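Worksheet: one structure, shown below.
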Amino acid sequence: QQQVKQSPQSLIVQKGGISIINCAYENTAFDYFPWYQQFPGKGPALLIAIRPDVSEKKEGRFTISFNKSAKQFSLHIMDSQPGDSATYFCAASSSGGSNYKLTFGKGTLLTVNP
Amino acid sequence: GAVVSQHPSWVICKSGTSVKIECRSLDFQATTMFWYRQFPKQSLMLMATSNEGSKATYEQGVEKDKFLINHASLTLSTLTVTSAHPEDSSFYICSVVVSGQPQHFGDGTRLSIL
């Protein structure tokens, strides 16, 4: 059972454009939603994270939008750059669970063309 | 700087041998570390939770006798793939949990079994 569904599987954006990646979750106990960026041959790096008490969080060019009633959250990358080309994973965890155990989405391969 | 160090970064070995992968927390004492496996173009799959001073907790479907985990100190956890076979070839990634902070991931170990 896939608890976090991520789409699209791949995304191609022109430099300067907006990249949007969506995730939906099923477990209402989830209360922490991070996004990770992974380059080939490297481990994931935390990009930005949100908790359900806010509907949006912005850090630089990266914004998370969160819809608790719909159980959905999305990552927006403004002014996308070729250096943003990577695989992005959404994740979710329950703080009441086993020490921040994360459930990952399947990932989105983002390509930003120059 | 790096919070988590994984070693080796890449290992090639013959089928039937055992391979040990180290995960070190550089800046924090970590009572909990996670071990993940990632196949090409796929998401991270949690294998086990490594707890300092106690037995690891394995996810369903992961053979505990095949993937031996030792967390003997607050800064080191090891994963030993015993009697490795080609189907064990994968990217193995550890993460460190520090109270109040998101998971910090290592840069992974690429394991190739010939």
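These figures come from a predicted structure and were not determined experimentally. Convention: sequence-line order gives letters A, B, ...; per-chain numbering from 1.
- Counting non-hydrogen atoms of other residues, nucleotides and ligands closer than 6.0 Å to NZ of A:Lys68 gives a total of 12 or fewer.
- Under a 3.5 Å cut-off, the side chain of B:His71 and the backbone N or O of B:Ile69 do not form any donor-acceptor pair.
- Using a 4.5 Å cut-off between heavy atoms, A:Tyr36 contacts chain B through its side chain alone, with no backbone atom that close.
- Partner B:Lys20 forms a side chain to side chain contact (heavy atoms under 4.5 Å, CB included) with one of B:Asn70, B:Thr78, B:Leu68 and no other, that one being B:Thr78.
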Salt bridge (Lys or Arg N to Asp or Glu O under 4.0 Å) evaluation trace for A:Glu56 with A:Lys58: CA-CA 7 Å; A:Glu56 185 175 284; A:Lys58 183 176 181 179; over 6 Å; no
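- The environment of CD in B:Glu87 is crowded: more than 12 heavy-atom neighbours from other residues, nucleotides or ligands sit within 6.0 Å.
- Annotation: B:His7, atom NE2; neighbour count of heavy atoms from other residues, nucleotides and ligands within 6.0 Å does not exceed 12.
- Ring geometry for A:Phe73 versus A:Phe33: interplanar angle of 30 to 60°, hence tilted.
- By number of non-hydrogen pairs under 4.5 angstrom with chain B, the leading residue of A:Gly41, A:Pro40, A:Pro44 is A:Pro44.
- In this structure, chain B has no heavy atom under 4.5 Å from any part of A:Gln9.
- For A:Ser74 and A:His76, the side-chain atoms include at least one donor-acceptor pair closer than 3.5 Å.
- Counting only N and O atoms by type, the side chains of A:Ser85 and A:Thr111 include no donor and acceptor under 3.5 Å apart.
- Interface residues of residues 104-114 of chain B toward chain A, defined by a heavy-atom distance below 4.5 Å and sorted by number: B:Phe105, B:Gly106, B:Asp107, B:Arg110.
- Looking at B:Asn51 and B:Thr49, their side chains never bring a donor and an acceptor atom within 3.5 Å of each other.
- The contact list for residues 35-45 of chain B toward chain A, using heavy atoms and a distance under 4.5 Å, reads B:Tyr36, B:Gln38, B:Gln42, B:Ser43, B:Leu44 by residue number.
- Of the atoms belonging to A:Leu102, heavy atoms from both backbone and side chain fall under 4.5 Å from chain B.
- Screening B:Thr82, B:Asp88, B:Thr80 for a side-chain hydrogen bond (donor to acceptor under 3.5 Å, both in side chains) with B:Lys66, the sole residue that qualifies is B:Asp88.
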